[in-house]
Amino acid sequence: MKGWVKTVRDHRDFVFVELGDGSCLENLQVVVEADEALREKARSLATGASVAASGAFSPSPAKGQKWELRAKTLELLCPAPEDYPLQKKRHSDEFLRTIAHLRPRTNKYAAVFRVRAALSRAVSDFFAARGFLQVHTPVITASDCEGAGELFRVTTLAPGKDTDPTADFFGRGAYLTVSGQLALEMFACALGDVYTFGPTFRAENSHTARHAAEFWMVEPESAFADASDNMALAEDFLRFLAERALSDCASDLGLFDRFVTPGLITSLEGIAKAGFARVSYTEAVEILKKSGKRFEYPPEWGRDLQTEHERFLTDVHVKGAVIVSDYPKSLKPFYMRVNDDGRTVAAMAVLVPRIGEIIGGSQREERLDTLAARLAETGLSAQDYGWYLDSRRYGSVPHSGFGLGFERLVMLVTGISNIRDVIAYPRTPGAISF
């Protein structure tokens with residue numbers, strides 16, 4: 001057994017060394033009693049040291065473990081001196097963010113990243129089983145998918161030198177992507193059902209617990225699929241992920257249910273088993289207005305739904321997941337399909353308890369004239385998006401897609417409330433570790 005020392009307990013004639021190797025929540029108890037020299041070596045071990053122990057597995061009389069290792073050899077691989085920062089069993093999340101390179105050694109964060117890895121596998125399994133092809137969309141792009149302008153510029157020009165984009169590496173402005181969607185649509189219109197799963201970036205000076213400058217997105221896109229198909233896929237996807245977490249991460253979820261968010265497992269079981277409620281944006285606004293609750297931001301048609309509104313719909317009104325559809329055109333990007341009423345688009349958002357929006361998507365605007373008009377309305381250049389308009393010129397089809405914020409998914413499954421605690425090395429305004 002090779003791992004890191006969690007605790008050492010001395011009982012004179014034998015020494016208990018608890019080891020963890022990160023593969024699961026449970027540690028292994030190593031019993032050292034062979035001879036005094038071996039016991040003395042065990043007594044000298046400190047929390048955080050790495051060791052290799054060999055011996056025989058035997059049934060354990062101790063409560064909570066089936067097996068223990070009766071050591072015959074014990075080798076110190078690397079010591080951990082007294083300044084090892086994780087001496088105590090409990091540390092605040094704020095403190096652990098200052099040592100993000102060490103926090104995976106704690107039970108809580110080891111569990112977070114095991115769950116994250118399991119969910120990543122589940123994403124691939126879900127789409128592979130449904131015939132979706134994975135496409136690796138660009139991280140460096142010349143377009144702003146959302147049109148919000150919150151972009152990180154990529155440049156080889158020295159600070160203070162020529163800022164003319166034509167003198168730069170690509171001969172024009174280049175940025176870190178905010179979404180792979182537009183590039184992915186081109187492949188959906190050639191290969192059918194596709195998805196991408198990768199990092200995205202927003203230069204948004206936001207300090208909330210739900211926003212980071214670097215985060216991961218899962219983005220499927222389906223040809224010959226309308227808004228109804230899109231909502232059905234999103235619901236199936238989220239329910240599948242909840243089911244997989246419950247089946248594959250039971251031990252780690254038990255930790256979160258006990259110490260982070262009591263009732264977490266029951267909540268996930270509700271998402272996995274219950275159908276998602278569906279309301280239009282217009283209906284949602286009316287529900288909020290008639291609720292009798294005083295909101296910090298009063299709900300009005302034509303305004304974005306705030307987190308407090310989303311959580312009221314999920315936690316109070318529905319007591320579960322809800323899909324909101326048909327948002328005002330003025331709130332949404334140019335690529336969303338305009339509904340027949342001319343004032344709303346075929347957009348949808350999946351809202352879940354505690355988190356709010358976790359999935360956002362739409363049926364895409366497949367009509368060339370309408371799409372060109374929407375580009376003009378939003379002040380974007382038809383020349384810059386000529387490649388995108390081509391897909392509407394040559395064999396256009398109805399198609400739909402959505403984006404799932406992967407960190408918000410991990411927050412949902414673990415019950416952790418801050419995005420900084422579900423990504424290995426969080427990048428937020430004014431904070432980058434290395």
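Between K108 and D421 there is no salt bridge, since no side-chain N of the basic residue sits under 4.0 Å from a carboxylate O of the acidic one. Checked for salt-bridge contact, E300 and K289 meet the test: a charged N lies under 4.0 Å from a carboxylate O. Checked for salt-bridge contact, R121 and D248 miss the test: no charged N lies under 4.0 Å from a carboxylate O. We find that E407 and R116 are joined by a salt bridge, their nearest charged nitrogen and carboxylate oxygen being less than 4.0 Å apart. Using a 4.0 Å cut-off between charged nitrogen and carboxylate oxygen, E308 and K293 do not count as a salt-bridge pair. In summary, E366 and R364 do not engage in a salt bridge, as defined by a charged side-chain N under 4.0 Å from a carboxylate O.
Using modelled atom types, one finds no donor on one side chain facing an acceptor on the other under 3.5 Å when comparing S228 with D226. Side-chain contact, E18 with T7: a donor N or O sits under 3.5 Å from an acceptor N or O. Under the 3.5 Å distance criterion, with hydrogens and angles disregarded, no donor-acceptor pair is assigned to the side chains of E185 and S391. Donor-acceptor pairing under 3.5 Å is recorded for the side chains of N339 and D326. Side-chain contact annotation: T307 with R210, donor-acceptor N/O pair under 3.5 Å present. Side chains of H207 and N205: a donor on one and an acceptor on the other come within 3.5 Å. Using modelled atom types and a 3.5 Å distance limit, the side chains of Q134 and S124 yield no donor-acceptor pair.
Less than 6.0 angstrom separates the ring centroid of H11 from the ring centroid of F16. For F334 and Y385, the distance between ring centers is under 6.0 angstrom. A distance of 6.0 Å or more separates the ring centres of Y335 and Y388.
Geometrically, R130 engages F126 in a cation-pi contact defined by less than 6.0 Å to the ring centre and at most 45° from the axis. Geometrically, R278 does not engage F276 in a cation-pi contact, judged by NZ or CZ lying under 6.0 Å from the ring centre and within 45° of the ring axis.
Of all non-hydrogen atoms in R420 and P426, the two that sit nearest each other are O-CG, 3.5 Å. The two residues S362 and A347 have their closest heavy-atom pair at CB-CA, 3.8 Å. Minimum heavy-atom separation, L371 to E365: N-CG, 3.8 Å. The two residues D315 and P353 make their nearest non-hydrogen contact at OD1-CA, 3.1 Å. F295 and P299 get closest at one heavy-atom pair: CD1-CD, 3.9 Å. In plain terms, the two heavy atoms of H399 and V397 that are nearest each other are ND1-O, 2.9 Å.
Between F402 and F237, the ring-plane angle classifies as tilted under the 30° and 60° cut-offs.
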